[in-house]
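Reviewing the structure listed below.
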Amino acid sequence: METVKLNEAQKKSRRGRNIALGVVLAGLVVLFYVVTLIKFGNGMVN
Amino acid sequence: MTVIDNHEAMGMDGAPRLSEASARDYFELLKPRVMSLVVFTALAGLVLAPGHINPFIGFIAILCIAVGAGASGALNMWYDADIDAVMTRTATRPIPAGKILPEEALAFGLTLSAFSVIILGLAVNWPAAGLLAFTIFFYAVIYTMWLKRSTPQNIVIGGAAGAFPPMIGWACVTGGVSVESIVLFLITFLWTPAHFWALALFKMGDYGAVGVPMLPNVAGQATTKKQIVIYAVLTALIGICPTLLGFASIGYGAVAAALGLGFIWYSIGVLRMPESDERMLPAKKLFAFSIMYLFVIFSALMADHLIVNIWLNAGSVA
């Protein structure tokens, strides 16, 4: 089967987009974690 | 057989059309310069509102408002890609430049809209999330799809979308809308026409080429200049309302009055500008001043609020 070959520019831009997406997803994990601590923090301590 | 059978996914040369768009190109879809203004005015609403908000929740609120505004910018670029390609000011945007496909921008805008509204609702409160959703709808549908290409009053009504952020910031703290937040809304709402029509005057050729009915193209320069002065006066008056209504000090009122007089002064400069003036320097000066005006007026409101609070706290301690 013939597959798509990416050129260097396409590989570079894809790598950049993947890194940005990874950073956003990691940021969302941290965001939800901290919000949970803030919203339920007092209740969990008690 | 190849893994790509869809002919629409092939470029002119028959090779697969694979994206070379960078993360920066996607960021450009969010209109970062507009977003910075949104962040600033939303922060003002957040700071000025009575009550307390956890600093991290406040940060999330600003982030969601910024992303929501950016998402509406992406939806605007998706819908306006045809006219953006013709106008010099917008021809280098990611869609007309061929870096991002319109449907990619649409999906990006819709996804970010949903995420920003839902996260604001879950993390902060649902009235603020509702206001953000309405703002995105207003900018993308009411302004971009309907008003922009149909009436010379497009930016007067559409300006509401840009004026909502301080109101959303306020709602993030209080959970509602009040007279004070409506005044914050009106400052940007009444400022928008003079700001945009100054730009429309020296970009008349661009707007004329794409058939967007901006006021100078439809009603002429003379009418536009008079309208600019009227809105500059209204902006100057609403600018001092925080002092008159008692939620800002006399000091802020003095700064707002001086800025308002400056706004009127520059608008009169535009009124006196001859129609034969091709450089349109007075219009460019008014445009530049208007940006500075909004920045300083909201800065002054926040500084005034912080100084008064420090003063009151010092008084109560003493």
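Note that this is a predicted model, so its numbers are computed, not measured. Because only heavy atoms are used, hydrogens play no part in the values below, and waters and symmetry mates are left out as well, while side chains stay in. Convention: sequence-line order gives letters A, B, ...; per-chain numbering from 1.
The two residues A:Gly16 and B:Ala23 come nearest to each other via the heavy atoms O-CB, 4.1 Å. Across every non-hydrogen atom of A:Arg17 and B:Glu20, the tightest pair is NH1-C, 4.3 Å. A:Lys39 approaches B:Ile57 most closely through the heavy-atom pair CE-CD1, 4.5 Å.
With a 6.0 Å radius and a threshold of 12 heavy atoms from other residues, nucleotides or ligands, B:Trp311 has its CH2 atom at or below the threshold. By the neighbour-count criterion of 12 heavy atoms within 6.0 Å, atom CZ of B:Phe40 is densely surrounded, having more than that number from other residues, nucleotides or ligands. Counted within 6.0 Å of NZ on B:Lys148, heavy atoms from surrounding residues, nucleotides or ligands total more than 12; the atom is thus considered enclosed.
Between B:Ile119 and A:Val35, every side-chain heavy-atom pair lies at or beyond the 4.5 Å cut-off.
With a 4.5 Å cut-off on non-hydrogen atoms, A:Leu28 touches chain B through its side chain but not through its backbone. Neither the backbone nor the side chain of A:Asn18 comes within less than 4.5 Å of any heavy atom in chain B. In this structure, the portion of B:Tyr26 lying under 4.5 Å from any heavy atom of chain A is its side chain and not its backbone. With a threshold of 4.5 angstrom between heavy atoms, B:Phe115 approaches chain A through side-chain atoms but not through N, CA, C or O. Of the two parts of B:Val67, neither the backbone nor the side chain holds a non-hydrogen atom closer than 4.5 Å to a non-hydrogen atom of chain A.
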Practice item. Test side chain to side chain contact (heavy atoms under 4.5 Å, CB included) on A:Val34 and B:Ile60 and set out the steps. Key: CA-CA 10 Å; A:Val34 178; B:Ile60 292 172; over 6 Å; no

